Amino acid sequence: MPFDWKAPTKHKVSVLFVCMGNICRSPTAEGVFCAVAKREGWAKKLLIDSAGTHDYHLGEPPDARAIASAQRRGYDIRKLRARQVDAKDFLRFHWILAMHHNNLHRLIEMRPNEFEGHVGLLLDLAPQLGVREVPDPYYGGPDGFERMLDLIEPASEALFARVTETPATA
């Protein structure tokens with residue numbers, strides 16, 4: 001079933017962020033994008049979520065280092081819980097944004113032929129950053145979590161500009 005951009009829904013635009021385990025990059029992106037939407041008065045107009053391509057951490061909160069890094073910049077992601085992306089997400093979301101090429105390839109494999117939304121890399125929306133993937137900070141130190149935020153913040157601003165000009169808002 002193709003997504004009907006003009007169908008009346010509670011949320012005019014929906015965004016799903018995807019990484020591998022849904023405990024570092026994608027919940028951070030969800031938290032940052034929620035903050036941007038709230039700041040711009042769009043929090044109730046958007047459906048924002050995150051998921052992982054793997055089931056390693058189902059039901060777990062974000063990594064403590066991701067929570068700490070996000071809190072230092074004013075984002076609260078403590079209440080988020082990891083889940084795995086599934087086929088129904090292609091019916092619920094207009095924008096499905098991967099953090100890394102491996103995540104993107106899994107999403108493309110799952111994508112139904114009828115899906116008319118956008119599946120791509122988050123950082124492709126912010127080419128000025130000069131990178132296309134948000135590096136996985138999980139096996140590194142605190143600097144990796146700061147770098148992750150340095151990339152997600154401007155990409156979230158660029159994404160907000162794009163989603164608020166989609167046909168769903170017209």
Side-chain angles (χ1 to χ4, degrees), residues 9-100 102-104 106-107 110 118-123 125-126 129 131 133-164:
T9 61
K10 179 180 176 187
H11 300 99
K12 292 185 176 185
V13 179
S14 51
V15 179
L16 179 67
F17 298 99
V18 180
C19 68
M20 188 178 348
N22 193 214
I23 61 166
C24 295
R25 295 170 290 176
S26 59
T28 299
E30 178 183 351
V32 171
F33 193 67
C34 282
V36 171
K38 184 176 181 181
R39 181 191 75 214
E40 299 296 332
W42 277 71
K44 293 183 180 182
K45 297 178 186 178
L46 301 173
L47 172 63
I48 305 166
D49 198 3
S50 63
T53 55
H54 294 74
D55 63 359
Y56 305 141
H57 302 285
L58 297 180
E60 293 179 17
D63 184 284
R65 298 165 295 171
I67 291 171
S69 291
Q71 281 183 318
R72 279 192 293 277
R73 297 197 191 188
Y75 310 112
D76 186 2
I77 61 172
R78 293 174 297 172
K79 293 181 182 178
L80 301 180
R81 294 296 177 262
R83 74 173 186 86
Q84 190 172 14
V85 68
D86 65 39
K88 291 179 185 173
D89 288 322
F90 291 92
L91 297 174
R92 293 179 57 215
F93 294 95
H94 300 97
W95 293 80
I96 301 178
L97 298 160
M99 302 295 122
H100 189 275
N102 292 341
N103 312 133
L104 179 60
R106 284 190 177 253
L107 291 168
M110 294 176 67
H118 176 88
V119 175
L121 293 170
L122 172 63
L123 295 189
L125 299 171
L129 297 173
V131 294
E133 298 177 328
V134 179
D136 189 350
Y138 187 78
Y139 294 104
D143 290 348
F145 289 87
E146 294 303 316
R147 174 71 175 145
M148 172 184 70
L149 277 158
D150 290 342
L151 297 170
I152 289 173
E153 287 176 328
S156 292
E157 296 288 345
L159 173 61
F160 183 79
R162 289 282 302 277
V163 301
T164 56

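Sequence positions, counted from 1, serve as the residue numbers for this chain. Worth saying up front: this structure is predicted, and the values here are computed from it rather than measured.
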Taking only Lys NZ, Arg NE, NH1 and NH2, and the carboxylate oxygens of Asp or Glu, determine whether Arg25 and Glu30 approach each other closer than 4.0 Å.
no
Take atom CZ of Arg81 as the centre, draw a 6.0 Å sphere, and report whether it contains more than 12 heavy atoms from other residues, nucleotides or ligands.
yes
Result for side chain to side chain contact (heavy atoms under 4.5 Å, CB included) between Tyr75 and one of Ile67, Thr28, Val36, Leu149 points to Leu149
Does Val134 reach the side chain of Phe17, with side-chain heavy atoms less than 4.5 Å apart?
no
Minimum heavy-atom distance between Leu107 and Ala98, given as atom pair plus value
CD1-CB, 3.9 Å
Rounded to the nearest 0.5 Å, the NE2 atom of His118 sits from the CD1 atom of Ile96 at a distance of 10.0 Å
Indicate the atoms forming the closest heavy-atom contact of Leu104 with Gly120, along with that distance.
CD1-CA, 3.7 Å
Measure the CD1-CG distance between Ile48 and Leu159 for me, rounded to the nearest 0.5 Å.
8.5 Å
Roughly how far, to the nearest 0.5 Å, is the CD1 atom of Ile77 from the OG atom of Ser50?
8.5 Å
When you check the side-chain N and O atoms of His54 and Arg106, is any donor under 3.5 Å from an acceptor?
yes
Side chain to side chain donor-acceptor pair (under 3.5 Å) partners of residues 62-71, not counting sequence neighbours, each pair once:
Asp63-Arg65, Ser69-Arg72, Ser69-Glu146
Parallel, tilted or perpendicular for His57 and Tyr138, by the 30°/60° rule?
tilted
Is there a donor-acceptor pair closer than 3.5 Å between any side-chain N or O of Ser14 and the backbone N or O of His94?
yes
Does the plane of the ring in Phe160 sit parallel, tilted or perpendicular to the ring in Trp42? Use 30° and 60° as the thresholds.
perpendicular
Look up atom SG in Cys24 and atom OH in Tyr139, then write down how far apart they are to the nearest 0.5 Å.
9.5 Å
Asp55 meets the side chain to side chain donor-acceptor pair (under 3.5 Å) criterion, sequence neighbours left out, with none
Does Asp136 have any side chain to side chain donor-acceptor pair (under 3.5 Å) partners at least two apart in sequence or in another chain, and if so, which?
none
Quick one: do Val131 and Leu151 satisfy side chain to side chain contact (heavy atoms under 4.5 Å, CB included)? Show the steps, please.
CA-CA 9 Å; Val131 294; Leu151 297 170; 3.7 Å; yes
Mind checking whether Leu125 and Arg162 have side chains closer than 4.5 Å, heavy atoms only?
yes
Which heavy atom of Ala82 sits nearest a heavy atom of Ile23, and at what distance?
CB-CG2, 4.1 Å
Using the side chain to side chain contact (heavy atoms under 4.5 Å, CB included) rule, take Gln84 and Asn22 through it: C-alpha gap first, then chi angles, then the decisive distance, then the call.
CA-CA 8 Å; Gln84 190 172 14; Asn22 193 214; over 6 Å; no
Excluding sequence neighbours, so at least two apart, what forms side chain to side chain contact (heavy atoms under 4.5 Å, CB included) with Asn102?
His100
Salt bridge or not for Asp86 and Lys88, using N-O below 4.0 Å?
no
In Å and rounded to the nearest 0.5 Å, what is the CG to CD1 distance from Leu123 to Ile152?
8.0 Å
Rounded to the nearest 0.5 Å, what separation is found between the CH2 atom of Trp95 and the CG atom of Leu47?
15.0 Å
Salt bridge (Lys or Arg N to Asp or Glu O under 4.0 Å) partners of Glu153, counting only residues at least two apart:
Arg73
Closest non-hydrogen atom pair, Ala126 against Ala155:
CB-CA, 3.9 Å
Return the set of residues passing side chain to side chain donor-acceptor pair (under 3.5 Å) with Arg83 (not counting sequence neighbours), or none when no residue passes.
Asp49, Asp89
Nearest non-hydrogen partners of Phe33 and Val163, listed with the distance:
CZ-CG2, 3.9 Å
Using the side chain to side chain contact (heavy atoms under 4.5 Å, CB included) rule, take Leu97 and Leu121 through it: C-alpha gap first, then chi angles, then the decisive distance, then the call.
CA-CA 5 Å; Leu97 298 160; Leu121 293 170; over 6 Å; no
